[in-house]
Amino acid sequence: AMCSVPDFNPNEYGKVENPSAYNNLSIFEAYEPGSVFKPITMAAALDVGAVKPGDPFTDTGSADGNCTKPIQNAENRNYGAQDMSGILEHSINTGVVYIAKKMGKETFRSYVEKFGFGTKTGIELDTEVAGTIEGLYKNKGDKVDCYTATASFGQGITVTPLQMVTAFSALANGGKLMKPYIVKRIEYANGKVDEVHPIEVRQVVDKHTADTVAAMMVRVVDYSEGIRGKVPAYYIAGKTGTAQIAGPGGYSAETNHSFIGFGPVDNPKFVMLIRLEKPQRSYANITAAPLFAQITTFLMSYYHIPP
């Protein structure tokens with residue numbers, strides 16, 4: 001399912017005040033995803049054995065990403081002693097930069113590609129864009145440069161909502177990336193029927209890695225930043241993201257808020273992304289997360305999933 005606002009009535013399409021309402025924002029417009037990208041970085045590092053879930057990390061509140069100034073956490077916070085799970089739970093920018101350095105630029109780039117970023121999904125809809133990961137091809141070598149450092153927490157690279165959902169469906173599917181489709185079957189006037197069947201694109205990470213990242217994301221929802229996305233009596237994997245919006249001369253104070261997740265985590269029935277552009281409140285945990293929980297509550301009932 002896809003929906004976006006502003007929308008329009010196809011029966012009265014001439015009455016639209018803003019033509020941008022015609023665009024399918026799920027595929028038409030690429031944006032910087034922010035912290036919802038962190039589980040992708042974590043999955044890559046775990047899959048190659050660069051880190052393990054219980055590995056220690058000490059946050060000093062600042063990290064050298066080979067940028068013009070040090071990389072810091074939101075609100076300049078310092079989280080002290082953590083492990084890899086804590087990096088996702090508290091959404092620590094410096095932590096994912098550390099992880100990127102542990103696996104190296106080339107490994108990070110290869111997994112970003114494997115998860116489907118930088119290319120169109122091939123869904124049967126017009127105006128799909130690919131987003132851009134071009135900066136990951138610059139400055140050859142395995143040293144993490146500024147672009148790679150910021151990409152590790154979802155800034156600098158651009159994605160579409162459909163790409164994000166497709167990538168996270170791989171984590172929900174035991175590491176298998178599936179080709180998204182929107183046409184289930186085609187029925188012809190002569191009675192012929194063409195059925196569309198699911199297509200596996202590739203195995204991105206192994207099942208153990210996918211399950212481990214999913215468990216980490218459950219902790220995000222149960223105990224930390226994503227707690228407003230929690231639905232009582234179900235284990236839901238989720239991640240928040242509050243991303244500054246790039247503009248002329250740098251980043252503006254305006255943000256995109258996202259929440260991405262899937263559930264129930266032991267047998268997922270859906271992957272869902274909520275994206276809010278330029279909301280008036282400060283963080284995604286108080287805007288996108290409650291909306292995610294509201295729709296998830298409906299879905300659990302709709303799919304008749306017992307608690």
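Numbering of residues begins at 1 and proceeds along the displayed sequence.
Relative orientation of the Phe108 and Phe37 rings is perpendicular, given thresholds of 30° and 60° on the angle between their planes.
Taking the six-membered ring where the residue is Trp, the centroids of Phe270 and Tyr303 are separated by 6.0 Å or more.
Applying the 6.0 Å contact sphere to CD of Glu17 captures no more than 12 heavy atoms from other residues, nucleotides or ligands.
Partner Phe262 forms a side chain to side chain contact (heavy atoms under 4.5 Å, CB included) with one of Val271, Asn173, Val165 and no other, that one being Val271. When Val159, Thr158, Ile157 are each tested for a side chain to side chain contact (heavy atoms under 4.5 Å, CB included) with Ile133, only one passes: Ile157.
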### Task
Just do the side-chain contact (heavy atoms from CB on, under 4.5 Å) check on Ile245 and Tyr251 with the steps written out, would you?
CA-CA 6 Å; Ile245 298 174; Tyr251 287 94; 5.8 Å; no
#### Entry: Working for salt bridge (charged side-chain N to carboxylate O under 4.0 Å, His left out), residues Glu89 and Arg219
CA-CA 7 Å; Glu89 286 176 47; Arg219 290 188 60 84; 2.8 Å; yes
### Query
Between Glu277 and Arg275, is a salt bridge (charged side-chain N to carboxylate O under 4.0 Å, His left out) present by the stated rule, with each step listed?
CA-CA 7 Å; Glu277 185 176 316; Arg275 177 197 168 202; 3.3 Å; yes
### Query
What do the steps show when you test Lys138 against Glu134 for salt bridge (charged side-chain N to carboxylate O under 4.0 Å, His left out), and what is the final call?
CA-CA 7 Å; Lys138 297 177 180 177; Glu134 290 176 5; 5.9 Å; no
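Under the 3.5 Å distance criterion, with hydrogens and angles disregarded, no donor-acceptor pair is assigned to the side chains of Tyr79 and Asn73.
Listed here is the closest heavy atom pair of Asn139 and Lys105: O-NZ, 3.0 Å. Here the closest heavy-atom approach between residue Arg202 and residue Gly116 is recorded as NH1-N, 4.2 Å.
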Could you tabulate the donor-acceptor pairs under 3.5 Å formed by side-chain atoms of residues 91-100, not counting sequence neighbours?
{"residue": "Ser91", "atom": "OG", "partner": "Ser35", "partner atom": "OG", "Å": "3.2"}
{"residue": "Ser91", "atom": "OG", "partner": "Lys38", "partner atom": "NZ", "Å": "2.8"}
{"residue": "Ser91", "atom": "OG", "partner": "Lys239", "partner atom": "NZ", "Å": "2.9"}
{"residue": "Asn93", "atom": "OD1", "partner": "Lys38", "partner atom": "NZ", "Å": "2.8"}
{"residue": "Asn93", "atom": "ND2", "partner": "Gln72", "partner atom": "O", "Å": "3.1"}
{"residue": "Thr94", "atom": "OG1", "partner": "Asp59", "partner atom": "OD1", "Å": "2.7"}

